[in-house]
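Only one structure is covered here, and it is reproduced in the block below.
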Amino acid sequence: MKNIQESIKEILANAVNQLYQIDWKPMQIVIEATSADFEGDFTFVVFPLLKISKKGPEQTANEIAEYLRKDTTVIASIEVVKGFVNLTVQTSYWTNFTLLNAQNISFGYSTPQSKENVLVEYSSPNTNKPLHLGHIRNNLLGFSVIQILKANGYHVKSCNLINDRGIHICKSMYAWLQQGNGETPASAQMKGDHLVGKYYVAFEKQHKLEKEALIQNGLDEETASKQTKSMLQAQELLRKWEAGDQATIDVWKTMNGWVYEGFNATYKQLGVEFDQYYYESETYLLGKKLVEEGLQQGSFFKKENGSVWVDLTADGLDQKLLLRADGTSVYITQDMGTAALKYNDFKYDKSIYVVGNEQDYHFKVLQLILAKTNKPYASGIYHLSYGMVELPEGKMKSREGTVVDADDLMQDMFDNAKQITTDLGKTEGLSLDEQNQLFQTIGLGALKYFLLKVDPKKKMMFNPKESIDFQGNTGPFIQYTHARIKSVLRNAKDTSFEFDSNQVKLSAFEKNMVKGLHQFPGIVDEAARDLSPGVICNYCYDLAKLFNQLYHEHSILKEQDENQRKFRLILCMFTAQVLNRAGALLGIQMPERM
RNA sequence: GGUUCCAUAGCUCAGCUGGAUAGAGCAACGGUUUUCUAAACCGUGGGCCGCAGGUUCGAGUCCUGCUGGAACUACCA
């Protein structure tokens, strides 16, 4: 069945061509959903036509309306308001649409894996400290974007690049060696990532003390920062690591192992996963090799001290360092290596990096370098840049302890969900396991919706003092709507859907509901185009709102008219289905009851 | 200094490629349950859409300038 928008465009193109002797294709006709304040389903704006019609807006609109009224097979009625032609579609279209799609579980989704190969890299943590709220935004965004792309028919794989190497982990290692007394996650009764994070903080504390002492002795801050005993020792560990010193590598492996265990627990709770892991310790050497190649091709150049650079002044940027004078690699070197490795593994058409907007410059540089060295995958890389999560006092900073820990936050959400659910007396009849499952679902639903509803590009505010809402435009509101529908469906005795759909009359509420459901495929498409889960969130909220209005205005199970009652039940099924599918795109589960 | 991004109700945010009287939630106040889940529904108040120009039949949306904020501009990752 052709979709209704296309049909209307055809009809309009036909009308306009006949009336004004032009040759417009249906493609050129723009229609939009009629504003709620007016009668109609779709609206055609005539202003762009005025130069051709050579008449006023109202007169032109009336001429078109007059022409369209001759054929009522698709369009039932037309109303003209100033330059706007408001079209009302035949009711049978809406009822048929509902019957056809209510039980179609792939409604809104494209044929699987018919489009390009896309690789999405997300999460990409450092291994010296636990995950925080910023990482949660990253993880949820990455996961959701993957689901959205899959729903649109892309062949998608995910990966996580672990920054397991570098001065940051050496800092934790040094502090642990100095102060740890062999402490382990088991002995400390602490998640491994938190334990390693504890030593990172300990390092920073000691480093700060030593730095202040050096400043007292007359050194400037920058020099002092480099000259503390802690920092020199951490640097020494990094050198030993690069030289392959066994004892150092053993400590490194052990501590990273603790961190991975901790990360995996957090990932599992968040519900995110990865097809493939990459480790910086395994990609940076390849990066170095690529720099050497580029040097020989003449894409890069060497300075007197032996450091290697790329000149991007022609592209409006500066010169950028690729290898230090001592031959060690920098961040971009490693990313060149990873890009090559990823392409080799996945042969992607598009490679999406879910990384914060503080690295906009970095990715601009990376893309230019890949293009300069004629890599076939240069044009396919795309930086999905998202804004920082800020606290009322500003940006989160690990070393200053102003971070909202991921595990703590999830625990808070769980506790809040438990509190509210218990207060509302909704734990009755549920086993302890079922209760915990429910608190988890609701708590995470609130958190995920809270983070995903904001446009990814924009920075967002989180105030730890004000807990995340469970009412209004929130995840639990949508989950509640789903549970409410499921409750109605459970109570429905007559589940046969044999009835005369021609007898169904659509009230304003029912029609709004159907129109809302009708939008879903377009929304899924839009979310993929913009790589924005927020689009899905807004849609879920609107749809849930529409259902609650309908629910309040109409009785479903007690409706006397059998045709009408059965149609409403179908609408319920359809709505629950779409909420469920839309929730899946966000990683939000829809409970059967709550 | 340079580059990029942002600015909408007291607060947190929507507003699709320019379209009709700028919308939600929270917070405040008031109402709705003998009836399918009240985590709901309805209502009231609250806006020079940062400022000034420009393009257009039409600008929160596009262009220019200005003000305010953020990030980047490291031989850190």
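In what follows, chains are A, B, ... by sequence order, proteins preceding strands, each numbered from 1. Atoms considered below: every heavy atom in the structure, side chains included; atoms not considered: hydrogens, waters and symmetry mates. Keep in mind the model is a prediction, meaning the values are calculated, not measured.
- Separating the CG atom of D318(A) from the C1' atom of G1(B) is a distance of 12 Å, rounded to the nearest angstrom.
- Using a 4.0 Å heavy-atom distance criterion, N463(A) is classed as making no nucleic acid contact.
- With C76(B), A14(B), A20(B) as the choices, the nucleotide that has an atom nearest any side-chain atom of K458(A) turns out to be A14(B).
- Taking a cutoff of 4.0 Å between a charged side-chain nitrogen and a carboxylate oxygen, E242(A) and R165(A) qualify as a salt bridge.
- T474(A) comes within contact range of no nucleotide atom at all, as no heavy-atom separation falls under 4.0 Å.
- Nearest nucleotide to the side chain of V330(A), out of C41(B), A77(B), A38(B): A77(B).
- Residue-level contact check: E280(A) touches the backbone only, with heavy atoms under 4.0 Å from sugar-phosphate atoms and none from bases.
- Searching all strands for a Watson-Crick or G-U wobble partner of G68(B) with both distances below 3.5 Å returns C6(B).
- As rounded to the nearest Å, G47(B) and A14(B) have C1' atoms that lie 15 Å from one another.
- Of the candidate nucleotides A39(B), G25(B), C72(B), G25(B) has the atom nearest to the side chain of Y541(A).
- With rounding to whole Å, H554(A) atom NE2 is found 20 Å from U35(B) atom P.
- Looking at D326(A) and R324(A), no side-chain N of the basic residue comes within less than 4.0 Å of a carboxylate O on the acidic one, giving no salt bridge.
- The base of A20(B) lies close enough to the side chain of N86(A) for a donor and an acceptor atom to sit less than 3.5 Å apart.
- Between D193(A) and K129(A), no side-chain nitrogen of the basic residue sits less than 4.0 Å from a carboxylate oxygen of the acidic one, so the salt-bridge criterion is not met.
- The aromatic rings of H207(A) and F203(A) sit parallel to each other, their planes meeting at less than 30°, with 60° as the upper class boundary.
- The 5' end of RNA chain B is approached more closely, in terms of each residue's nearest nucleotide, by V30(A) than by the other of S555(A) and V30(A).
- Separating the P atom of G18(B) from that of C62(B) is a span of 9 Å, rounded to the nearest Å.
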Using salt bridge (Lys or Arg N to Asp or Glu O under 4.0 Å), reason through K566(A) and E562(A) one step at a time and then give a plain yes or no.
CA-CA 6 Å; K566(A) 289 186 170 175; E562(A) 190 188 350; 2.8 Å; yes
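- Taking the side chain of Y480(A) as heavy atoms from C-beta on, and the options C13(B), A38(B), G25(B), the nearest nucleotide is A38(B).
- In this structure, U35(B) makes no Watson-Crick or G-U wobble pair, since no nucleotide meets both defining distances under 3.5 angstrom.
- Looking at heavy-atom distances under 4.0 Å, F84(A) makes contact with a base.
- Taking the six-membered ring wherever Trp is involved, the centroid distance between the rings of H362(A) and Y331(A) falls below 6.0 Å.
- N305(A) comes within 4.0 angstrom of a base, heavy atoms only.
- In this structure, I420(A) and Y361(A) both approach RNA chain B, and ranking their closest nucleotides by distance from the 5' end singles out I420(A).
- At the phosphate of A77(B), neither OP1 nor OP2 sits under 4.0 Å from any side-chain N or O atom of Y331(A).
- Across the strands present, G43(B) finds its partner in C29(B); the criterion is a Watson-Crick or G-U wobble pair with both atom distances under 3.5 angstrom.
- Contact check on E358(A) versus K395(A) returns a salt bridge, with a Lys/Arg side-chain nitrogen under 4.0 Å from an Asp/Glu carboxylate oxygen.
- Look at C62(B): its Watson-Crick or wobble partner, with both distances under 3.5 angstrom, is G54(B).
- By the stacking rule of 5.5 Å between ring centres and under 30° between planes, F38(A) stacks on the base of A20(B).
- Within the 4.0 Å cut-off from OP1 or OP2 of C76(B), at least one side-chain nitrogen or oxygen of R324(A) is found.
- Counting to the nearest Å, the C1' atom of C13(B) and the CZ atom of R137(A) are 12 Å from each other.
- Comparing the C1' positions of C76(B) and C13(B) gives a spacing of 35 Å, expressed to the nearest Å.
- F84(A) has its ring centre no less than 6.0 Å from the ring centre of F44(A).
- The gap from the P atom of U12(B) to that of G50(B) amounts to 15 Å, rounded to the nearest Å.
- Of the candidate nucleotides U37(B), A40(B), A39(B), A39(B) has the atom lying nearest to any side-chain atom of P476(A).
- Look at D525(A) and R529(A) and you find a salt bridge, because one of the NZ, NE, NH1 or NH2 atoms lies within 4.0 Å of a carboxylate O, short of that distance.
- The phosphate of C6(B) has neither OP1 nor OP2 within less than 4.0 Å of any side-chain N or O from N357(A).
- If you check every strand for non-hydrogen atoms under 4.0 Å, H482(A) touches nothing.
- Of the P atoms belonging to G45(B) and A22(B), the separation is 15 Å, rounded to the nearest Å.
- Closest approach to the M461(A) side chain among A77(B), C13(B), C75(B) is made by C13(B) (side chain taken as heavy atoms from C-beta onward).
- Among the protein residues, T481(A) comes within range of no part of the nucleic acid, since none of its heavy atoms lies under 4.0 Å from any strand.
- R484(A) has no side-chain polar atom (N or O) that falls below the 4.0 Å cut-off from OP1 or OP2 of C41(B).
- Phosphate proximity of C42(B) to K545(A): present, with a side-chain N or O under 4.0 Å from OP1 or OP2.
- Between A39(B) and K426(A), a contact under 4.0 Å exists linking OP1 or OP2 to a side-chain N or O.
- A stacked arrangement is assigned to F47(A) and the six-membered base ring of G19(B), with a centre-to-centre distance below 5.5 Å and an interplanar angle below 30°.
- Residue R490(A) has its side chain nearest to U37(B) when only A39(B), U37(B), A77(B) are considered.
- Look at A14(B): it lacks any Watson-Crick or wobble partner with both distances under 3.5 angstrom.
- Base engagement by M594(A) is indicated by at least one non-hydrogen atom pair under 4.0 Å involving a base atom.
- Across all strands, I442(A) comes closer than 4.0 Å to base atoms (heavy-atom distances).
- As judged by a 4.0 angstrom heavy-atom cut-off over every strand, I556(A) is placed among the base-contacting residues.
- With a 3.5 Å ceiling on both atom-pair distances, A74(B) lacks any Watson-Crick or G-U wobble partner.
- Nucleic acid contact class of P48(A) (heavy atoms, under 4.0 Å, all strands): base.
- The CD atom of Q235(A) sits 10 Å away from the P atom of A77(B) (whole-angstrom rounding).
- Spacing between C72(B) and G54(B) at atom C1', rounded to whole Å, works out to 31 Å.
- The cationic group of R137(A) does not satisfy the cation-pi geometry with Y386(A), failing either the under 6.0 Å distance to the six-membered ring centre or the 45° limit from the ring axis.
- Between the P atoms of U3(B) and U64(B), the separation comes to 13 Å (whole Å).
- Residue Q549(A) places at least one side-chain N or O under 4.0 Å from the OP1 or OP2 atom of C42(B).
- The residue F450(A) sits apart from the nucleic acid: no heavy atom pair falls under 4.0 Å.
- Listed candidates were A70(B), A39(B), C41(B). Nearest to the side chain of E390(A) is A70(B).
- Of the P atoms belonging to G46(B) and A9(B), the separation is 15 Å, rounded to the nearest Å.
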